[in-house]
A.B. asks: 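Before anything else, here's the structure in question.
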Amino acid sequence: MGGALLQATGSVTSVLRRTFQILSGVGEKTEQKLWQRGITTWSDLREAGDDRLPGRVQRRREAHEDQLAMAEHHLADDHTAPFDRWLPDREIWRILQEAGDRVMYLDIETTGLSYPEGRATVVGAHTDAEGTQLLVRGQDLSSRAVQDLIDDAACLVTFNGRRFDVPWLEREFDVSVDVPNVDLMYAFRRLDITGGLKSIEKQLGLDRGEEIDDVGGYEAVKLWRRWERGNHDALERLLTYNEADVVNMQPLADIAYERLKAEVYDPHEPDDPQAQQAEIPVEDAG
DNA sequence: TTCCCCATCTGGCGCGAGTG
DNA sequence: CACTCGCGCCAGATGGGGAA
């Protein structure tokens with residue numbers, strides 16, 4: 001990764017600190033315009049003279065300074081939650097780097113597709129900080145345990161979790177999930193890669209263990225029933241399956257992050273070597 | 001300064017899609 | 001199998017920037 005050269009060119013500044021879409025009146029286009037003018041980080045924006053800013057950004061300078069101060073303040077305290085509200089949904093992935101080893105890969109198993117007919121059987125989570133934790137119904141799965149799990153996360157990574165896993169946990173366990181959620185399903189769809197979790201793993205050439213390669217979603221339901229009837233191996237298999245899901249989401253998230261980053265920084269247009277932004281010397285006329 | 005055109009932001013509506 | 005969320009599309013509002 002980055003050495004002195006990368007630092008000199010500013011490449012170590014995180015994606016989030018180059019993100020202007022958290023500011024009022026700034027969308028995708030205005031952000032691109034700022035980047036093109038050489039204003040690529042929050043500090044660039046604060047230091048830039050009005051003559052370098054689009055009018056709509058000039059007019060909002062005070063509001064933007066407040067918003068940036070707020071953002072810096074929360075980042076300093078490792079509070080990522082507010083960015084869930086400030087960022088447009090499709091750009092939530094930009095906080096992954098800030099979440100660091102508190103990115104939590106989350107996946108649940110249930111006895112059906114809808115609540116309350118179905119119940120959660122396994123809640124699996126993985127972070128680099130805490131490793132893998134699997135909460136099992138009838139053993140250590142409780143509202144308290146789920147809330148504690150969520151509270152350790154600076155950011156969730158799920159697959160279809162915005163519609164399935166997270167609302168389910170909120171309803172069955174009455175937990176509040178006040179943390180950004182990067183849903184890989186939408187991230188990959190934006191990259192023109194569609195399909196379920198296992199299909200996408202295949203498309204990207206990620207192999208999971210041979211022994212659980214054939215386990216699908218409905219199989220998880222049947223495994224739980226077999227465990228309830230006294231088959232100990234069935235639970236072992238279900239847990240292995242769930243753990244594989246949460247662990248495999250990590251490389252998946254890495255790939256999505258790198259590709260989205262590339263897409264955002266190099267919009268599809270053929271790059272024109274002449275299009276370098278002119279250097280505008282910052283000097284005080286004294 | 002003022003006018004006008006068009007780029008951009010915002011909000012509402014309907015559709016398609018993967019979860020155990 | 002039910003559940004909803006993101007996105008594309010459309011229309012209206014706002015405001016930027018060129019020219020007189």
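Computed from a predicted model, the values in this text were never measured in an experiment. A note on names: the letters A, B, ... follow the listed sequences, proteins ahead of strands, and every chain is numbered from 1.
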A.B. asks: Hey, which of these two, A:Leu53 or A:Leu113, hits DNA chain C nearer its 5' end, going by closest nucleotide?
C.D. replies: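 By nearest-heavy-atom nucleotide position, the 5'-most residue is A:Leu113.
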A.B. asks: Nearest-Å distance, CG (A:Asp192) to C1' (B:dA17)?
C.D. replies: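 Computing the A:Asp192:CG to B:dA17:C1' distance gives 15 Å.
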A.B. asks: When you get a sec, tell me which of B:dT8, B:dG20, B:dG18 is the closest nucleotide to the side chain of A:Phe159?
C.D. replies: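 My answer, after comparing the listed nucleotides, is B:dG18.
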A.B. asks: Nearest to the side chain of A:Met185 - B:dG18, B:dC9, C:dC1?
C.D. replies: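 So the nucleotide nearest the side chain must be B:dG18.
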A.B. asks: Whole Å only: how far is the CD atom of A:Gln32 from the P atom of B:dC9?
C.D. replies: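 So the CD-P distance, A:Gln32 to B:dC9, works out to 11 Å.
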A.B. asks: For a quick test of reading the model: is some side-chain N or O of A:Arg162 closer than 4.0 Å to OP1 or OP2 of C:dG6?
C.D. replies: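 Indeed, a polar side-chain atom of A:Arg162 lies that close.
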A.B. asks: What is the distance from CG of A:Asn160 to P of C:dA2, rounded to the nearest Å?
C.D. replies: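 Roughly 17 Å, once rounded to whole Å.
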A.B. asks: Send over the distance from A:Leu184 CG to B:dA17 C1', rounded to a whole Å.
C.D. replies: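 Those two atoms, CG and C1', are 16 Å apart.
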A.B. asks: Classify A:Arg60 by what it touches in the nucleic acid, base, sugar-phosphate, or nothing, heavy-atom distance under 4.0 Å.
C.D. replies: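 Nothing: the residue A:Arg60, judged by heavy atoms under 4.0 Å, touches no strand.
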A.B. asks: I'd like to check A:Trp35 versus A:Phe20 (side-chain heavy atoms, cut-off strictly below 4.5 Å). Are they in contact?
C.D. replies: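 SC-SC contact between A:Trp35 and A:Phe20 confirmed.
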A.B. asks: Expressed as a whole number of angstroms, how long is the span from A:Leu260:CG to C:dG6:P?
C.D. replies: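 After rounding, the reported distance stands at 15 Å.
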A.B. asks: Quick check for you: among B:dT8, B:dT19, B:dG20, whose closest atom lies nearest to any side-chain atom of A:Thr30?
C.D. replies: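 For the A:Thr30 side chain, the nearest candidate turns out to be B:dT8.
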A.B. asks: Establish, yes or no, whether a centroid distance under 6.0 Å links the rings of A:His64 and A:Trp42.
C.D. replies: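 A:His64 vs A:Trp42: aromatic centres not under 6.0 Å.
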A.B. asks: Any ion pair linking A:Glu130 and A:Arg102 (charged N to carboxylate O, less than 4.0 Å)?
C.D. replies: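 A:Glu130 and A:Arg102: not salt-bridged.
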A.B. asks: So A:Gly195, base contact, sugar-phosphate only, or nothing? Heavy-atom distance under 4.0 Å.
C.D. replies: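 The answer is sugar-phosphate, as A:Gly195 gets under 4.0 Å only of primed atoms, P, OP1 or OP2.
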A.B. asks: Of the nucleotides C:dC5, C:dT4, B:dG20, which has the atom closest to the A:Arg171 side chain?
C.D. replies: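 Of the options given, the side chain of A:Arg171 lies nearest C:dT4.
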A.B. asks: Is a salt bridge present between A:Arg94 and A:Glu31, judged by a nitrogen-to-oxygen distance below 4.0 Å?
C.D. replies: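 Salt bridge between A:Arg94 and A:Glu31, a charged N being under 4.0 Å from a carboxylate O: yes.
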A.B. asks: On DNA chain C, check which nucleotide each of A:Pro54 and A:Glu117 is closest to and give me the residue with the more 5' one.
C.D. replies: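 Mapping each residue to its closest nucleotide by heavy atoms, the 5'-most match is A:Glu117.
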A.B. asks: Report the nucleotide, chosen from B:dA17, B:dG20, C:dC3, that has the shortest atom-to-atom distance to any side-chain atom of A:Ser114.
C.D. replies: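 So the side chain of A:Ser114 is nearest to C:dC3.
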A.B. asks: What is the separation between atom CG on A:Leu106 and atom P on B:dG20, rounded to the nearest whole Å?
C.D. replies: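 Those two atoms, CG and P, are 11 Å apart.
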A.B. asks: Reckon A:Thr194 has a side-chain N or O less than 4.0 Å from the OP1 or OP2 of B:dA17?
C.D. replies: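 Negative; the distance criterion is not met.
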A.B. asks: Closest approach to the side chain of A:Thr110, judged atom by atom: which nucleotide of C:dA2, B:dC9, B:dG20 is it?
C.D. replies: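 Nearest to the side chain of A:Thr110 among the choices is B:dG20.
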A.B. asks: Does this structure show an ion pair linking A:Arg137 with A:Glu172, if we count only N-O contacts that are shorter than 4.0 Å?
C.D. replies: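 Yes, charged N to carboxylate O under 4.0 Å.
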A.B. asks: Select base, sugar-phosphate, or nothing to describe what A:Arg90 touches, counting heavy atoms under 4.0 Å on all strands.
C.D. replies: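 Answer is sugar-phosphate: A:Arg90 comes under 4.0 Å of backbone atoms only.
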A.B. asks: So that I can tick it off, tell me whether A:Lys33 and A:Glu28 are bridged by a salt bridge, with the cut-off set at under 4.0 angstrom between side-chain N and carboxylate O.
C.D. replies: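 A salt bridge is absent here (no side-chain N lies under 4.0 Å from a carboxylate O).
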A.B. asks: More 5' along DNA chain B: A:Glu31 or A:Tyr186, using each one's nearest nucleotide?
C.D. replies: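 Here A:Glu31 is the residue nearer the 5' end.
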A.B. asks: Nearest to the side chain of A:Arg37, which nucleotide is it out of B:dG20, C:dC7, C:dG17?
C.D. replies: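 So the nucleotide nearest the side chain must be C:dG17.
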A.B. asks: When you measure from the side chain of A:Arg189, which nucleotide among B:dG20, C:dG17, B:dG18 comes out closest?
C.D. replies: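 For the A:Arg189 side chain, the nearest candidate turns out to be B:dG18.
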A.B. asks: By nearest nucleotide on DNA chain B, pick out whichever of A:Val221 and A:Gly27 is the more 5' one.
C.D. replies: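 First, find each residue's nearest nucleotide; the 5'-ward one identifies A:Gly27.
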A.B. asks: So what does A:Thr121 touch, heavy atoms closer than 4.0 Å: a base, only the sugar-phosphate, or nothing?
C.D. replies: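 If one applies the 4.0 Å heavy-atom cut-off, A:Thr121 turns out to touch nothing in the nucleic acid.
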A.B. asks: Tell me: CG of A:Asp183 to C1' of B:dA17, nearest whole Å?
C.D. replies: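 Result: 11 Å.
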A.B. asks: Please determine whether a side-chain nitrogen of the Lys or Arg among A:Asp148 and A:Arg144 lies less than 4.0 Å from a carboxylate oxygen of the Asp or Glu.
C.D. replies: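 Salt bridge: yes.
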A.B. asks: Within this structure, what is the CZ-to-C1' distance between A:Arg190 and C:dC5, rounded to whole angstrom?
C.D. replies: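 It is 16 Å, rounded to the nearest whole Å.
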A.B. asks: Contact class for A:Asn181 (heavy atom, under 4.0 Å): base, sugar-phosphate, or nothing?
C.D. replies: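 A:Asn181: no heavy atom of the nucleic acid under 4.0 Å.
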